[in-house]
Number of protein chains: 2
Amino acid sequence: MSQQVTLLLVEDDPGVYQFLLPALSAHGYRVQHARDLAQAREANGFAMVILDLGLPDGQGEQFIPHLRGFSDVPILVLSARQDELDKVHCLNLGADDYLMKPFGLQELLARIQVALRRTAIMQMRDHVYQHQSLVINRATGMVSKQGAILHLSPIEHALLMLLASKPGTIFTHSQLLAQVWGPDYIDDTHYLRIHIGRLRAKLEDQPSSPQTLLTELGIGYRLA
Amino acid sequence: MSQQVTLLLVEDDPGVYQFLLPALSAHGYRVQHARDLAQAREANGFAMVILDLGLPDGQGEQFIPHLRGFSDVPILVLSARQDELDKVHCLNLGADDYLMKPFGLQELLARIQVALRRTAIMQMRDHVYQHQSLVINRATGMVSKQGAILHLSPIEHALLMLLASKPGTIFTHSQLLAQVWGPDYIDDTHYLRIHIGRLRAKLEDQPSSPQTLLTELGIGYRLA
DNA sequence: TAAGGGTATATCAATCGCATAAACAACGAT
DNA sequence: ATCGTTGTTTATGCGATTGATATACCCTTA
């Protein structure tokens with residue numbers, strides 16, 4: 001495992017965290033430890049959460065919607081409760097997994113891997129767009145065609161990154177103008193036309209009949 | 001109803017699938033059913049897999065790396081085996097979840113939701129309208145028929161998106177005219193007729209007897 | 001069955017939106 | 001300081017879209 005991943009462990013029971021903290025560290029994770037919801041709410045910078053439901057200052061499940069309000073990081077719930085309704089409740093609130101005590105360390109580690117793997121897959125998917133010989137890497141901001149790196153102007157770059165953020169989705173003229181130029185430019189459609197034209201000159205094989213950067217007449221533009 | 005999500009259920013035990021097939025259908029999923037690995041390998045077009053480990057023609061877990069060779073769809077494993085090593089093995093092979101028999105239907109449904117939520121398919125669900133071979137994706141603004149993308153004019157596009165925002169609901173003439181053309185046009189019903197006609201020419205198989213874009217005589221129009 | 005309100009389709013000209021070119025100013029890099 | 005790049009403005013040709021007119025259609029009711 002290359003770089004360290006930080007987990008947030010929300011757990012008040014010393015019997016559990018005195019066992020988990022060294023075990024997780026030994027398997028290459030950095031761990032932030034919160035003993036109650038107040039501490040948990042102040043934490044940040046973690047890649048996923050391991051949440052015990054039985055906390056001193058309130059029901060641990062309150063933390064799930066709170067976190068979901070601003071974050072999509074995976075949440076793995078630990079609980080001694082056997083009731084199916086508890087599981088369903090937590091999962092519906094936005095948790096990603098629910099593990100009943102007593103659990104095996106190997107299973108916990110495997111389920112942590114699953115959650116991290118899923119988000120890694122999602123991020124890979126979201127960050128690279130490919131169509132024909134054109135490759136757009138939104139993570140690095142690199143655009144290449146037939147292996148050769150294309151140099152784009154700032155506006156061309158901003159336009160293309162925006163379009164590549166949701167390939168296939170139609171962006172209206174006003175959306176593009178507001179995002180790239182600013183809210184005051186939403187009526188200057190001709191700017192858009194010119195810069196779309198310049199983009200096409202760089203990344204289309206035949207700029208006169210675009211295959212990748214497509215016009216939606218009267219509406220806007222989209223990537224194939 | 002919006003677009004159905006298709007699940008692949010790999011299960012040979014009649015006692016299980018005779019219970020699961022109707023239950024999953026009742027909760028809005030389309031289900032492909034494979035009784036063994038050979039059938040499972042031939043399936044396609046599913047959004048996630050529910051995989052029973054005890055199959056007649058081999059260990060079910062063989063299917064996990066096979067599928068992972070070309071697909072990232074979520075895999076939820078069902079098994080009667082209680083051994084932690086089995087769980088860890090499957091999860092490390094690429095499964096996303098592991099549910100032990102006997103399990104509750106509500107928990108299974110919740111865990112299916114979690115998996116679909118993670119792959120963002122759930123988000124598409126409410127934004128996609130499907131009827132026969134016509135698919136309207138309101139998130140991307142794309143309209144396709146039998147897989148081929150339809151090109152719509154701005155007015156056609158606005159009309160259809162409005163109708164698709166509440167499929168089944170009747171939109172009155174004045175509502176449609178006010179939304180698409182503007183408040184000053186609420187009496188120009190003939191505009192509506194012309195553009196509804198043009199829409200039908202593009203998206204109905206037999207425009208003379210519409211199956212999707214329906215007339216409510218004297219009131220307005222609606223999607224089937 | 002005939003009348004009438006409401007609806008569908010065809011055709012066509014005017015208009016609108018798009019792509020492109022050219023010209024120019026502003027800016028940064030060498 | 002000069003060159004090259006980038007952002008903006010203006011003008012023009014072209015094709016798609018639209019709205020108007022005219023005609024044909026269908027369902028309901030008397």
*Asks:* Looking at A:Trp181, I'd like to know whether one of its side-chain N or O atoms comes within less than 4.0 Å of OP1 or OP2 on D:dG7.
*Replies:*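 Looking at the OP1 and OP2 atoms of D:dG7, neither is under 4.0 Å from any side-chain N or O of A:Trp181.
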*Asks:* Grab the two heavy atoms, one from B:Pro74 and one from B:Asp96, that are nearest each other, plus how far apart they are.
*Replies:*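 Closest approach of B:Pro74 to B:Asp96, heavy atoms only: CA-OD1, 3.3 Å.
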*Asks:* According to the salt bridge (Lys or Arg N to Asp or Glu O under 4.0 Å) rule, which pairs have a member within residues 157-174 of chain A, sequence neighbours left out?
*Replies:*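 Salt bridge (Lys or Arg N to Asp or Glu O under 4.0 Å) check on residues 157-174 of chain A returns no pairs.
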*Asks:* With salt bridge (Lys or Arg N to Asp or Glu O under 4.0 Å) as the rule and sequence neighbours excluded, what pairs involving residues 141-162 of chain B come up?
*Replies:*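 Those involving residues 141-162 of chain B are B:Lys145-B:Asp205, B:Glu156-B:Lys202.
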*Asks:* Does B:Arg111 make a cation-pi contact with A:Tyr98 (under 6.0 Å, within 45 degrees of the axis)?
*Replies:*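 No, B:Arg111 and A:Tyr98 do not form such a contact.
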*Asks:* Given D:dT18, D:dG7, D:dG19, identify the nucleotide with an atom nearest to the side chain of B:Tyr191.
*Replies:*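 For B:Tyr191, the side-chain atoms sit closest to D:dG19.
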*Asks:* Report, one pair per line, the protein and nucleotides 27-30 of chain C atoms (nitrogen or oxygen only) whose separation is under 3.5 Å.
*Replies:*
none

*Asks:* Can you give me the bend angle of the helix from C:dT1-D:dA30 to C:dT30-D:dA1? Use the axis through the first five pairs and the one through the last five, nearest 10 degrees.
*Replies:*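 Here the helix ends are tilted 30° relative to one another.
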*Asks:* Please list every donor-acceptor pair under 3.5 Å in which a side-chain atom of residues 190-201 of chain B meets a protein atom from a residue at least two apart or in another chain.
*Replies:*
residue: B:Arg200; atom: NH1; partner: B:Leu213; partner atom: O; Å: 2.4
residue: B:Arg200; atom: NH2; partner: B:Thr215; partner atom: OG1; Å: 3.1

*Asks:* If I take atom CG in residue A:Leu199 and atom P in nucleotide D:dT6, what distance separates them, rounded to the nearest angstrom?
*Replies:*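 Atom CG in A:Leu199 sits about 11 Å away from atom P in D:dT6.
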*Asks:* A:Val10 pairs by side-chain contact (heavy atoms from CB on, under 4.5 Å) with which of A:Val49, A:Asp36, A:Val77?
*Replies:*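 Answer to the side-chain contact (heavy atoms from CB on, under 4.5 Å) test with A:Val10 among A:Val49, A:Asp36, A:Val77: A:Val49.
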*Asks:* Under 3.5 Å between N/O atoms: give me all the protein pairs with nucleotides 7-11 of chain C, atom names plus distance.
*Replies:*
residue: C:dT7; atom: OP1; partner: B:Gly218; partner atom: N; Å: 2.5
residue: C:dT7; atom: OP2; partner: B:Arg193; partner atom: NH1; Å: 3.0
residue: C:dA8; atom: OP1; partner: B:Arg200; partner atom: NH2; Å: 2.3
residue: C:dA8; atom: OP1; partner: B:Thr215; partner atom: OG1; Å: 2.6
residue: C:dA8; atom: OP2; partner: B:Tyr221; partner atom: OH; Å: 2.7

*Asks:* Ignoring backbone atoms, test whether B:His195 places a side-chain nitrogen or oxygen under 4.0 Å from the OP1 or OP2 oxygen of D:dT17.
*Replies:*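 No, B:His195 has no side-chain N/O under 4.0 Å of OP1/OP2 on D:dT17.
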